[in-house]
Amino acid sequence: MSDAVSPNGIRYALVLGGGGAVGICWMAGLAQGLQEAGIDLSLADRVVGTSAGSVVGAVLTGHGDVQRLLIRPEPNSARPPIDPSGFGEIMNLLLNSGLPANEARKLAGARALEMNVGDPADHVARIGGLAAVSDWPETDFIVTAVDITTGERHAWTRAGAATLPEALASSTSVPGIFPPIPVDGRYYIDGGLGSPINADLAAGAELIVIIEPLAHMFPHAPKDSELGGAATLSIVPDAEAIAAIGPDVFSPAALEPAYEAGYRQSAEAAPRLKAVWPTR
């Protein structure tokens, strides 16, 4: 399945953007606070998850406990710290190759395949374990990735070839940091490379709620404005949350502060959502 996703008939859509480990924590804190205020984000008719947002979306649509997404560094962990140099090289290819966007993403994907950043199966297990899911939900859930064969966005659903852990791993496979994920003979990388939110996959809904951890870092893609006349409500980090998130979205020191910032922001977001969001 690719971009030809028709959301006709969708009333409420939830779009969850990318944001690394720190973004997962911010969204988890926000979702937990909203839940305590009586707002169930899982009541969306369609959920679109990109990168970090795919993990949060999987927990919400699977009716799991979002608090478990507060990632705490393991003491004495043997896991080496993340080396950002590979990602820097990939970003340089994406931004400075002079190629059309799809061609640049193909080039970046090919380079990511050459990098020794771990076993794809380990990333599938790690992300699947974090979300604590194995099966696609009944909810209309879309997980975005980029197919490195074409350089185009791919939208995973339960009708596709990927298991849910594979889809989540591909969406969160930041090139140069995590390995591309093989599914059915092709490789896939981070769904945020084309758009930080991929909001157009919710086009046609009556209301689209967009929760975007890195709105202060990354601009939207042109397609993110093609929403078919849908009303939108955006929730983004405020100044205090931006400071808590910091510049390194994989920083272990920022995980708990980001969760707390999201939880705090839920108090401001709850009244806005209560006026428009469905209830059971």
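The first residue of the sequence shown is numbered 1, and numbering continues consecutively from there. All figures in this text were calculated on a predicted structure; none of them were measured in a lab. The figures here come from the full heavy-atom set of this structure, side chains too, leaving out hydrogens, waters and symmetry mates.
- Between the side chain of Asn96 and the backbone N or O of Leu93 there is no donor-acceptor pair closer than 3.5 Å.
- Atom OG of Ser195 and atom NE2 of His220 lie 7.0 Å apart (nearest 0.5 Å).
- The shortest distance between side-chain heavy atoms of Arg153 and Asp200 falls below 4.5 Å.
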Do Ser51 and Ser171 pass the side-chain hydrogen bond (donor to acceptor under 3.5 Å, both in side chains) test, and can you show the C-alpha distance, the side-chain angles, and the key distance before you say yes or no?
CA-CA 5 Å; Ser51 200; Ser171 189; 5.2 Å; no

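- In this structure, Trp26 and Pro237 have side chains that are in contact, with non-hydrogen atoms separated by less than 4.5 Å.
- Taking a 6.0 Å sphere around OH of Tyr12, one finds it holds more than 12 heavy atoms contributed by other residues, nucleotides or ligands.
- Judged purely by distance below 3.5 Å, without hydrogens or angles, the side chains of Thr144 and Trp156 never pair a donor atom with an acceptor atom.
- No donor-acceptor distance shorter than 3.5 angstrom exists from the side chain of Glu260 to the backbone of Pro257, with no hydrogens or angles considered.
- Contact check for Asp122 versus Val124: no side-chain heavy atoms found under the 4.5 Å cut-off.
- Judged purely by atom type and a 3.5 angstrom limit, Arg46 has no side-chain atom pairing as donor or acceptor with the backbone of Arg11.
- Side chains of Pro180 and Pro120 form no contact here, defined as non-hydrogen atoms less than 4.5 Å apart.
- Between Phe141 and Thr61, the shortest heavy-atom distance links the atoms CD2-OG1, 3.9 Å.
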Salt bridge (Lys or Arg N to Asp or Glu O under 4.0 Å) assessment of Glu226 paired with Lys223
CA-CA 5 Å; Glu226 299 171 5; Lys223 277 189 174 183; over 6 Å; no

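- In this structure, the side chain of Asn198 does not engage the main chain of Gly192 through any donor-acceptor pair within 3.5 Å.
- Using a cutoff of 4.0 Å between basic side-chain nitrogens and carboxylate oxygens, Asp147 and Arg186 are scored as salt-bridged.
- The aromatic rings of Phe250 and Phe178 sit perpendicular to each other, their planes meeting at more than 60°, with 30° as the lower class boundary.
- Leu43 and Trp277 get closest at one heavy-atom pair: CB-NE1, 4.2 Å.
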Show your reasoning for whether side chain to side chain contact (heavy atoms under 4.5 Å, CB included) applies to Val15 and Ile211.
CA-CA 6 Å; Val15 170; Ile211 299 178; over 6 Å; no

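- Within 6.0 Å of the CG atom in Asp119, the count of heavy atoms belonging to other residues, nucleotides or ligands exceeds 12.
- Using modelled atom types and a 3.5 Å distance limit, the side chains of Tyr259 and Gln32 yield no donor-acceptor pair.
- In this structure the side chain of Ile242 never reaches within 4.5 angstrom of the side chain of Val236, judged on heavy atoms.
- Arg111 has a carboxylate O that lies under 4.0 Å from a charged side-chain N of Glu114, or vice versa, which qualifies the two as a salt bridge.
- Summarising the geometry of Ser266 relative to Gly33, their closest heavy-atom pair is OG-CA, 3.2 Å, with the distance given to 0.1 Å.
- Here Thr157 contributes atom OG1 and Asp140 contributes atom CG; the two are 8.0 Å apart, rounded to the nearest 0.5 Å.
- From Leu30, atom CG reaches atom CD of Glu268 across 9.5 Å, with rounding to the nearest 0.5 Å.
- Formation of a donor-acceptor pair under 3.5 Å by the Lys274 side chain with backbone atoms of Ala37 is found in this model.
- The minimum heavy-atom distance between Ile245 and Ala254, with the atom names listed, is O-CB, 3.7 Å.
- Contact check for Leu41 versus Val56: no side-chain heavy atoms found under the 4.5 Å cut-off.
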Stepwise side chain to side chain contact (heavy atoms under 4.5 Å, CB included) check, Leu16 with Thr50
CA-CA 6 Å; Leu16 301 167; Thr50 293; over 6 Å; no

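- One distance of note links CG of Asp224 with CD1 of Ile197; it measures 4.0 Å at 0.5 Å rounding.
- Within the 4.5 Å cutoff, the side chain of Arg264 has heavy atoms near those of the Asp238 side chain.
- For the pair Ala58 and Val133, the tightest heavy-atom approach, listed with the atom from each and the gap, is O-CG1, 3.9 Å.
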Test side chain to side chain contact (heavy atoms under 4.5 Å, CB included) on Leu60 and Leu14 and set out the steps.
CA-CA 11 Å; Leu60 289 172; Leu14 176 66; 4.0 Å; yes

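- Side-chain atoms of Thr172 come within 3.5 Å of backbone atoms of Ala169 as a donor-acceptor pair (strictly under, hydrogens ignored).
- Of the possible donor and acceptor atoms, one in the side chain of Thr150 sits under 3.5 Å from a partner among the backbone N and O of Glu152.
- We find the OG-CD1 distance between Ser170 and Ile189 to be 10.0 Å, quoted to the nearest 0.5 Å.
- How far CD1 of Ile10 is from CG of Leu201: 12.0 Å, rounded to the nearest 0.5 Å.
- When all heavy atoms of Glu103 and Leu99 are compared, the pair lying nearest together is CB-CB, 3.9 Å.
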May I have the step-by-step check of side chain to side chain contact (heavy atoms under 4.5 Å, CB included) for Val183 and Tyr188, ending in yes or no?
CA-CA 8 Å; Val183 179; Tyr188 299 85; 3.9 Å; yes

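- Side-chain N/O atoms of Ser173 and Asp190 include no donor and acceptor closer than 3.5 Å.
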Any chance you could lay out the side-chain hydrogen bond (donor to acceptor under 3.5 Å, both in side chains) test for Glu36 and Tyr263, step after step, and finish with the verdict?
CA-CA 10 Å; Glu36 292 175 10; Tyr263 185 86; 2.4 Å; yes

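- Between Val146 and His154, the closest side-chain pair of non-hydrogen atoms is not below 4.5 Å.
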